Undergrad: 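So that we are looking at the same thing, I have put the structure below in structure tokens.
Proteins get letters first, then strands, A, B, ... in listed order; numbering begins at 1 in each. Fair warning: this is a prediction, and the values are worked out from it, not measured in the lab.
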Protein chains: 2
Amino acid sequence: MKRINSNDIAQLAGVSRSTVSRVINGYSNVPEETRRKVMKVIKEHHYYPLISGQLLTGKKTKTLGLFWLGRAAIARDSLTSSYFMHVIDAAAQRGYLVLSCILDNLTEKHNINYVRKIFMEGRIDAGLFVGTSNNEPLIEELVGLDKIVGLFDFYHENEDVPNRLSVNFDRDSGEATIDYLYALGHRKIAVIDGDLSRLSCIHRHESYMRGLIKHSLPLQNKWMAYGGIVKESGYAAAKQMLSACMDDLPTAICANNDGVAFGVYQACEELGLRIPEDISVIGADGHENGKYTNPPLTTYSFDFKEMFASLVNRVIDTVEQKDNIPQSDFIPGHLVERASCRKIELL
Amino acid sequence: MKRINSNDIAQLAGVSRSTVSRVINGYSNVPEETRRKVMKVIKEHHYYPLISGQLLTGKKTKTLGLFWLGRAAIARDSLTSSYFMHVIDAAAQRGYLVLSCILDNLTEKHNINYVRKIFMEGRIDAGLFVGTSNNEPLIEELVGLDKIVGLFDFYHENEDVPNRLSVNFDRDSGEATIDYLYALGHRKIAVIDGDLSRLSCIHRHESYMRGLIKHSLPLQNKWMAYGGIVKESGYAAAKQMLSACMDDLPTAICANNDGVAFGVYQACEELGLRIPEDISVIGADGHENGKYTNPPLTTYSFDFKEMFASLVNRVIDTVEQKDNIPQSDFIPGHLVERASCRKIELL
DNA sequence: CTGAAAGCGCTTACAG
DNA sequence: CTGAAAGCGCTTACAG
């Protein structure tokens with residue numbers, strides 16, 4: 001059974017292929033009657049033009065690539081499913097589809113070729129990258145080839161490159177977290193940093209430090225650790241840090257993100273430290289599971305839906321050659337107070 | 001800057017487009033020296049043939065559609081991120097990409113047209129559906145149009161339709177669950193069913209009933225409820241059921257899936273019932289979060305990675321016109337014993 | 001072993 | 001307002 005094409009539709013409707021095409025593409029110079037006649041045949045046969053033909057004439061794919069870096073983090077983090085959904089929804093909103101790839105990194109030859117191929121074969125109008133580390137030559141190459149690229153949490157000072165868009169966490173989350181703890185009376189505050197090859201982790205680290213300095217609080221090595229970005233690494237870092245300073249414990253721990261905070265919970269449990277009675281814990285992200293931990297996790301929360309929508313919309317605006325598109329967007333977060341931080345009575 | 005095409009490559013390499021194409025497609029009748037000469041130019045210019053041109057000559061898209069039904073369930077369930085990953089990984093394994101869509105249902109006109117369009121426009125070689133309910137006319141239409149369709153948890157007795165593939169949960173999970181509880185000494189067993197428009201929920205219900213009957217246990221209305229498939233609905237069902245039979249509580253509750261079991265946990269907590277001391281709870285699925293609940297959830301677990309790999313591979317085999325492809329596959333689950341079911345001393 | 005030619009399904013100036 | 005023609009980038013019989 002041969003597939004029906006625009007020629008067949010034209011014949012059935014008694015017009016030329018040109019007219020069929022004009023109707024499909026909504027040209028204004030088609031009289032209402034002709035349009036109706038052609039549409040009738042199109043509907044009857046469930047005819048849709050093949051994109052392969054359309055693409056060859058310069059139409060867009062109306063497809064975004066979504067390149068997800070870091071398989072391990074994805075597998076372990078349930079926030080991720082909502083990320084996927086946010087991207088797909090935001091794109092669908094604008095009539096775009098999403099082609100998803102999961103890759104461990106963007107440095108292995110094999111992965112580089114894979115991504116490059118998807119761009120060069122003309123499968124997508126633009127590509128979104130999530131989980132990039134701070135230096136990605138492939139992305140610069142693609143930008144140089146005039147490919148449109150959207151980056152989550154990957155800011156470039158250079159804003160003169162209109163085909164490189166980004167969305168970022170605000171840069172004050174760390175400071176705001178410290179402010180909150182300070183106001184509760186905490187003076188001995190530990191910080192567990194994330195993966196410092198990621199932009200947001202660097203910014204948050206710097207912001208924590210600004211907060212500590214602002215309040216003239218001590219920056220002590222024994223109260224600092226690198227906790228990665230997942231529960232397991234957060235657990236290991238917290239366990240080691242706390243074990244080493246049991247004689248002089250901090251009264252509060254800032255975890256670079258909620259996954260790490262869950263690891264801190266586990267470490268505290270094993271060390272017999274009650275949260276928040278013995279030690280307060282505060283995270284960052286706004287992870288869904290934070291509502292259900294015991295105690296529920298106080299955290300500096302971000303609206304990921306908003307973040308992805310901002311990125312997707314500006315990328316699509318760029319594809320559609322709109323004007324005055326902001327290249328970067330820093331999304332503000334806000335404190336979500338639950339039950340993992342307690343007030344300290346000051347003497 | 002114009003894009004380089006096969007003509008340019010041909011000129012640069014001093015051959016015809018035909019030969020360039022032969023090299024790219026790995027034809028055997030190209031002498032090694034010519035091949036090398038052409039490949040050199042191709043590599044140098046990072047040339048990749050546009051798929052639009054290739055498709056028009058009958059090549060496949062090497063892309064699978066993934067149609068995800070039921071936005072609400074996705075948003076709430078963190079298992080979902082691993083589902084996405086399993087599909088994308090299994091497809092990538094075979095050199096296929098995945099185009100993902102999220103839809104509330106397959107019944108609204110708008111959604112039907114959306115899915116139909118993606119198939120008809122030639123964007124994908126086959127489509128996978130997850131979260132379908134038991135009767136989906138659109139799927140039958142697509143099957144009738146010779147589209148290749150892969151269904152998760154949606155079995156058809158009629159196995160004579162080679163372009164309709166499915167993967168399913170084994171049909172003994174309910175019975176095995178009852179067997180387990182019976183062996184622990186439980187005689188008063190409640191069942192919270194899922195969404196009976198889904199095949200697996202029906203099968204599991206029937207299987208629970210078989211188990212109860214086999215052991216001559218009472219099928220009591222007061223110990224039966226419909227709990228949907230997410231935590232919230234499971235909570236509501238359990239709360240209502242338990243509140244209504246506080247004078248004669250079951251000693252164990254079977255939850256249709258783990259999400260529902262988490263709802264049961266919440267209901268029990270509110271009613272002051274300790275798990276497993278006062279009441280045992282067992283789930284089904286093997287949800288990652290079940291490890292972290294208090295107490296950790298005993299459940300009848302399935303390997304979703306295996307399930308999706310089975311479906312993806314058989315769908316791709318069908319696309320590639322291999323022979324003797326099983327249309328359905330029932331994947332066996334197994335009991336994962338954690339701490340939510342206790343032994344009952346029999347008098 | 002290899003090139004010239006036809007053709008895939010569409011859209012879009014062009015001409016009328 | 002509308003049709004005939006050209007062209008997009010590829011692959012594949014066909015002929016030599």
Undergrad: For dA4(D), which nucleotide is its Watson-Crick or G-U wobble mate, given both distances must be under 3.5 Å?
TA: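 Checking every strand shown, dA4(D) finds no partner, since no pair has both distances under 3.5 Å.
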
Undergrad: If you draw a 6.0 Å radius around CD in Glu32(A), do more than 12 non-hydrogen atoms from other residues or ligands fall strictly inside?
TA: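 Yes, CD of Glu32(A) has more than 12 neighbouring heavy atoms, counting only those of other groups under 6.0 Å.
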
Undergrad: Give a yes or no on this: more than 12 heavy atoms of other residues, nucleotides or ligands lie within 6.0 Å of atom NZ of Lys37(B).
TA: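 Counting other residues, nucleotides and ligands, NZ of Lys37(B) exceeds 12 neighbours.
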
Undergrad: Which listed nucleotide (dT2(C), dC10(C), dA5(C)) is nearest to the side chain of Val30(B)?
TA: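 From the listed options, dT2(C) comes nearest.
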
Undergrad: Would you confirm whether the ring centroid of Phe308(B) sits within less than 6.0 angstrom of the ring centroid of Tyr83(B)?
TA: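 Centroid distance Tyr83(B)-Phe308(B): below 6.0 Å, so yes.
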
Undergrad: Quick one, Asp317(A) with Arg94(A), criterion salt bridge (Lys or Arg N to Asp or Glu O under 4.0 Å). Give me CA distance, side-chain angles, the key distance, then yes/no.
TA: CA-CA 10 Å; Asp317(A) 285 343; Arg94(A) 299 281 297 261; 2.8 Å; yes

Undergrad: Measure centre to centre between the rings of Trp68(A) and Phe84(A), then say whether the value is under 6.0 Å.
TA: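 Under 6.0 Å, so yes.
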
Undergrad: Just checking Ser21(B): base, sugar-phosphate only, or nothing, at a heavy-atom cut-off of under 4.0 Å?
TA: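 Here Ser21(B) touches the bases of the nucleic acid.
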
Undergrad: Between Leu55(B) (CG) and dC8(D) (P), how many Å, whole number?
TA: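 Atom-to-atom, Leu55(B) to dC8(D), this comes out as 18 Å.
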
Undergrad: Going by purine N1 to pyrimidine N3 plus the second Watson-Crick contact, or the G-U wobble pair, all under 3.5 Å, which nucleotide sits opposite dA13(C)?
TA: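 Per the H-bond distance test, none.
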
Undergrad: Tell me the interatomic distance from Leu50(B), atom CG, to dC8(D), atom P, rounded to whole angstroms.
TA: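 It is 12 Å, rounded to the nearest whole Å.
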
Undergrad: Please evaluate the base of dG3(D) for a donor-acceptor partner in the side chain of Arg22(A) within a cut-off of under 3.5 Å?
TA: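 Between dG3(D) and Arg22(A), which were checked side chain against base, a qualifying N/O pair under 3.5 Å is present.
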
Undergrad: Counting any heavy atom closer than 4.0 Å, what does Ser52(A) reach on the DNA or RNA strands: base, sugar-phosphate only, or nothing?
TA: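 Nothing: the residue Ser52(A), judged by heavy atoms under 4.0 Å, touches no strand.
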
Undergrad: Select base, sugar-phosphate, or nothing to describe what Asn7(B) touches, counting heavy atoms under 4.0 Å on all strands.
TA: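 Here Asn7(B) touches no strand at all.
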
Undergrad: Taking the minimum atom-to-atom distance to the side chain of Thr19(B), which one of dT2(C), dG9(C), dT11(D) wins?
TA: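 Minimum distance to the Thr19(B) side chain belongs to dT2(C).
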
Undergrad: Heavy atoms only, 4.0 Å cut-off, all strands: where does Asn5(A) land among base, sugar-phosphate and nothing?
TA: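 If one applies the 4.0 Å heavy-atom cut-off, Asn5(A) turns out to touch the sugar-phosphate alone, with no base involved.
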
Undergrad: By a strict heavy-atom criterion of less than 4.0 Å, which residues belonging to residues 9-17 of chain A are in contact with DNA chain D?
TA: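 Of all residues in residues 9-17 of chain A, the ones placing a heavy atom under 4.0 Å from DNA chain D are Val15(A), Ser16(A).
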
Undergrad: Could you state the NZ-P distance from Lys59(A) to dC8(D), rounded to the nearest angstrom?
TA: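 About 18 Å, once rounded to whole Å.
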
Undergrad: Could you check, using the six-membered ring where one of them is a Trp, whether Tyr114(B) and Phe67(B) have ring centers closer than 6.0 angstrom?
TA: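 Aromatic pair excluded; centres sit 6.0 Å or further apart.
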
Undergrad: Out of dT2(D), dA4(D), dC1(C), which nucleotide sits closest to the side chain of Pro31(B)?
TA: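 Looking only at heavy atoms from C-beta outward on Pro31(B), the closest nucleotide is dC1(C).
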
Undergrad: Taking atom P of dT11(C) as reference, at what distance in whole Å does atom CG of Leu56(B) sit?
TA: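 Taking CG of Leu56(B) and P of dT11(C), I get 12 Å after rounding.
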
Undergrad: Of Thr34(A) and Gly53(B), whose closest DNA chain D nucleotide lies nearer the 5' terminus?
TA: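 Taking each residue's closest nucleotide, the earlier one in sequence belongs to Thr34(A).
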
